[in-house]
Amino acid sequence: MKATPDTATSGRRPELAVWKFASCDGCQLTLLDCEDELLGIADRLRISYFLEASSAPGPGPYDLSLVEGSITTPQDAERIRHIRAASRRLVTIGACATAGGIQALRNYADVAEYQAVVYARPDYVETLATSTPISAHVPVDFELRGCPIDRGQLVEVITAHLAGRNPDVPAHSVCFECKRRGTVCVTVAHGTPCLGPVTHAGCGALCPAYDRGCYGCFGPSNSVNFPSFVPLLRRDGMATLDVVRVLRTFNTGSPEFDAESRREAER
Amino acid sequence: MTGEAPTAVIGTEGMAELIRVLAARGRTVIGPTVRDGAIVLDELTDGDELPYGRGVELEAGHYRVRPRADGAAFAHSAGPQSWKTYLHPQRERQWNADRGSDGAWVVTEDDTPPPSYAFLGVRPCDLRAIAVQDRVLAGGPHSDNRYRARRERTFLVAVECTEPGATCFCTSMGAGPAVDGGYDLALTEVVDGGGHRFWARAGSDEGASVLAELPHLPADASLATVAHEKVSAAADRMGRTMPEVDLQALMRETLHADRWNDVAARCLTCGNCTMACPTCFCTSAEDVTDLTGDHAERWRRWESCFDLEFSHLPGGPVRASGRSRYRQWATHKLGTWYDQFDSSGCVGCGRCIVWCPVGIDLTEEAHALNAERAAGGPPGEGAA
């Protein structure tokens with residue numbers, strides 16, 4: 001990586017890059033969805049590489065790289081190394097980049113068999129046997145959770161980067177957010193199965209606010225106790241297969257959800 | 001207040017008028033109402049919004065609203081929130097800072113005018129909880145001025161408890177079910193052959209003046225007696241008890257009990273108990289900057305000792321295990337709160353029991369610790 005002047009002392013606008021791997025584009029579109037803040041972001045950062053927004057990519061290096069998607073092909077595994085090498089700070093955005101995404105369901109299956117069933121010419125497809133998070137391949141400076149990510153948290157990550165401080169992104173349970181916003185606990189008061197007690201905050205407890213159980217789209221919180229928690233799901237009507245399925249969604253590749261779903265699947 | 005406290009009998013129309021009178025005095029009236037399958041606290045504009053004919057079925061980790069044949073409005077206990085939602089809000093701005101044209105920062109304290117609340121239906125346990133938070137947040141040398149301003153403007157209508165829940169233990173904590181001062185108006189609800197009435201007493205000059213504005217029912221000499229009997233009977237119907245020992249000493253002497261491992265195996269460390277608790281007061285500071293870097297704000301938000309980040313110091317969290325975090329919460333609530341604030345931090349409302357998803361019961365844990373101590377379990381202070 002060639003030397004670039006320090007943005008703090010040179011007055012140079014920091015360069016932002018947005019990268020896509022195996023994903024649905026929802027997380028990077030969250031950046032375009034920052035309608036009120038977008039001009040401010042563009043004012044403070046030079047958006048150098050963002051194919052969803054501009055067809056004139058800059059060559060880099062980049063001060064802040066936002067990476068969406070998981071690694072599913074040998075080419076991806078190579079490309080992320082180049083991106084890391086060209087990025088001062090690398091932040092993954094969303095469940096795919098942070099935990100492997102819904103496509104990590106392939107980690108439990110025979111990919112060659114899938115290919116044979118789905119594609120007329122599977123020999124044209126070059127793919128890895130697994131879908132893995134970015135952190136399995138290169139060092140990551142920060143991981144933003146969610147499927148998709150929360151717009152406010154994305155702005156916080158960018159703002160914190162500009163200010164040279166840590167982003168304020170709590171890793172505790174969704175229960176904190178329910179209680180703070182005054183949402184009545186759907187498990188205690190209604191008997192609704194809810195992953196809130198083991199799920200990472202960040203969404204603002206959206207689902208319980210609409211009388212639904214949390215389904216864990218932000219992945220595990222930083223302090224989970226599945227042996228105590230799973231019996232609650234059973235009490236509220238979930239069979240073993242239901243428990244496996246609710247853990248095997250967007251964050252199935254997270255170590256905690258993966259280990260618990262395997263334990264359940266073996267029952 | 002000078003002289004003898006005025007008393008009166010009001011009916012359900014008087015109750016509706018009470019809400020109107022308080023609102024007409026410029027107060028935001030907060031009280032119980034049914035929403036989302038629970039009796040929650042919310043702004044009231046009419047007497048119809050009170051939970052007439054609704055009670056609650058409580059157990060550890062379990063809450064259901066149930067119809068009541070008697071039509072009572074206050075025959076329920078321990079809802080999902082407490083009054084700290086209003087007095088000690090979950091997120092509050094402390095100050096703004098702006099970078100001036102000369103590059104210097106100008107910091108201004110947030111000067112949003114405090115609201116003027118009237119709380120309707122404060123149970124005796126919650127009245128005690130407000131007093132506990134008064135001591136924590138507005139007592140001592142470092143008073144929280146914003147809390148104090150809200151608190152001083154708040155008009156408290158207490159309603160004595162005649163229907164304790166299965167998770168209640170205020171008698172064990174000396175916090176109910178009768179009121180013991182600290183209110184502007186106190187009411188006791190009686191529904192019997194004589195009708196649906198509230199025996200009302202003023203506890204302050206403003207309480208007396210509000211009471212004077214309400215339509216009264218004819219004086220009923222026996223109503224006060226009936227009300228007293230109902231509240232006394234409630235004291236004998238608590239669903240839970242604390243062990244009848246010095247709880248401060250119990251906590252001090254069982255720091256290394258095996259029971260902490262047992263409860264830690266069940267605890268989800270989700271933080272619900274602390275958020276539901278009417279006395280838990282911990283907060284953390286949140287510094288917000290904008291994209292320009294020329295404006296910053298400091299906010300304060302509820303924090304919990306169950307959060308790993310709560311005790312995060314360089315090198316990692318001080319209380320990394322669930323065991324250490326549950327023990328910190330319980331021993332502070334029941335024990336070291338005395339050292340810090342000269343009282344228990346627990347008022348026996350039972351919210352931590354009800355709103356714990358896995359139904360961890362603080363009273364059951366205290367009884368188990370007491371039994372382990374009596375059986376000669378591992379000694380406390382000084383032992384490994």
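Below, chains carry the letters A, B, ... as their sequence lines are ordered, and counting in each starts from 1. These numbers were taken from a predicted model, which means no experiment stands behind them.
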Novice: Using a 4.5 angstrom heavy-atom cutoff, name the option from A:A163, A:P197, A:S223 with the most pairs to chain B.
Specialist: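 When all of A:A163, A:P197, A:S223 are compared, A:S223 has the most.
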Novice: Heavy-atom pairs under 4.5 Å with chain A - which of B:P89, B:C267, B:A276, B:C270 has more of them than the others?
Specialist: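 Highest number of pairs under 4.5 Å: B:C270.
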Novice: In Å and rounded to the nearest 0.5 Å, what is the OG1 to CZ distance from B:T274 to A:F176?
Specialist: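 The OG1 atom of B:T274 sits 5.5 Å away from the CZ atom of A:F176.
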Novice: Select one option (side chain, backbone, both, neither) describing which atoms of A:P227 are under 4.5 Å from chain B's heavy atoms.
Specialist: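 No part of A:P227 comes within 4.5 Å of chain B.
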Novice: Hey, what do you get for CD (B:Q90) to CD (A:E177), rounding to the nearest 0.5 Å?
Specialist: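 Atom-to-atom, B:Q90:CD and A:E177:CD are 10.0 Å apart.
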Novice: With a 4.5 angstrom heavy-atom cut-off, could you sort out which part of A:I41 is near chain B: side chain, backbone, both or neither?
Specialist: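 Both parts, heavy atoms under 4.5 Å.
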Novice: Among B:R266, B:H62, B:R325, single out the residue with the greatest number of heavy-atom pairs under 4.5 Å to chain A.
Specialist: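 Most heavy-atom pairs under 4.5 Å with chain A: B:R266.
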Novice: Would one find more than 12 heavy atoms of other residues, nucleotides or ligands at under 6.0 Å from atom CG of A:L51?
Specialist: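 Yes.
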Novice: B:D287 versus chain A, heavy atoms under 4.5 Å apart: side chain, backbone, both or neither?
Specialist: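 Backbone only.
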Novice: Are the side chains of B:T269 and A:N225 in contact, using a 4.5 Å heavy-atom criterion?
Specialist: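 No, every pair of side-chain atoms sits at 4.5 Å or beyond.
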Novice: Using heavy-atom distances under 4.5 Å, tell me whether B:V354 contacts chain A through its side chain, its backbone, both, or neither.
Specialist: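 For B:V354, backbone and side chain are both near chain A.
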Novice: So, taking the atom named CG in A:L162 and the one named OG1 in B:T292, what distance separates them when rounded to the nearest 0.5 Å?
Specialist: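 Reported value, rounded in 0.5 Å steps: 10.0 Å.
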Novice: What residue in A:K179, A:H190, A:H172, A:R180 has the most heavy-atom pairs under 4.5 Å with chain B?
Specialist: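 Ranked by heavy-atom pairs under 4.5 Å with chain B, first place is A:R180.
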Novice: Let's test your reading of the structure: which of B:A265, B:A296, B:G293 forms the most heavy-atom pairs below 4.5 Å with chain A?
Specialist: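 Option with the greatest count: B:A265.
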Novice: Top residue by heavy-atom pair count (under 4.5 Å) with chain B, among A:C178, A:G182, A:A189, A:P170?
Specialist: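 The candidate making the most pairs under 4.5 Å is A:A189.
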Novice: Less than 4.5 Å to any heavy atom of chain B: does that hold for the side chain of A:E37, its backbone, both, or neither?
Specialist: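 The answer is both parts of A:E37.
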Novice: Could you tell me whether A:R245 atom CZ has more than 12 heavy atoms of other residues or ligands within 6.0 Å of it?
Specialist: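 Counting other residues, nucleotides and ligands, CZ of A:R245 stays at 12 neighbours or fewer.
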Novice: Are any non-hydrogen side-chain atoms of B:N272 and A:C185 less than 4.5 angstrom apart?
Specialist: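 Result no, sub-4.5 Å side-chain heavy-atom pair not found.
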Novice: Walk me through it: do B:D290 and A:R44 pass the test salt bridge (charged side-chain N to carboxylate O under 4.0 Å, His left out)?
Specialist: CA-CA 11 Å; B:D290 74 352; A:R44 292 297 315 280; over 6 Å; no
Novice: Report which part of A:D168 has an atom under 4.5 Å of a heavy atom belonging to chain B: side chain, backbone, both, or neither.
Specialist: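 Side chain only.
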Novice: Side chain, backbone, both or neither: which part of A:R181 has a non-hydrogen atom closer than 4.5 Å to chain B?
Specialist: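 For A:R181, there is no contact with chain B at all, as no heavy atom is under 4.5 Å.
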Novice: Under a 4.5 Å heavy-atom cut-off, does chain A meet the side chain of B:A264, its backbone, both or neither?
Specialist: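 For B:A264, the backbone is the part near chain A, not the side chain.
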Novice: Around atom CZ of A:R234, are there more than 12 heavy atoms from other residues, nucleotides or ligands closer than 6.0 Å?
Specialist: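 Atom CZ in A:R234 is crowded, with more than 12 foreign heavy atoms closer than 6.0 Å.
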Novice: Among B:E57, B:E309, B:R91, which residue forms the greatest number of heavy-atom pairs with chain A at distances under 4.5 Å?
Specialist: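 The option with the most such pairs is B:E309.
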Novice: Pick one of side chain, backbone, both or neither for B:T85, based on which atoms fall under 4.5 Å of a heavy atom in chain A.
Specialist: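 For B:T85, there is no contact with chain A at all, as no heavy atom is under 4.5 Å.
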Novice: Can you name the nearest heavy-atom pair linking B:L291 to A:G40, along with the distance?
Specialist: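 Heavy atoms only, the tightest pair is CD1-C, 3.9 Å.
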Novice: A:A160, A:S173, A:G196, A:S221: which one forms the most heavy-atom pairs within less than 4.5 Å of chain B?
Specialist: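 Counting heavy-atom pairs under 4.5 Å, the top option is A:S173.
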Novice: Please flag which part of B:R35 lies under 4.5 Å from any non-hydrogen atom of chain A: side chain, backbone, both or neither.
Specialist: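 Backbone plus side chain of B:R35, per the 4.5 Å heavy-atom cut-off to chain A.
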Novice: Tell me, out of A:T187, A:V186, A:V184, A:I158, who's got the most heavy-atom pairs with chain B below 4.5 Å.
Specialist: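 The answer is A:V184.
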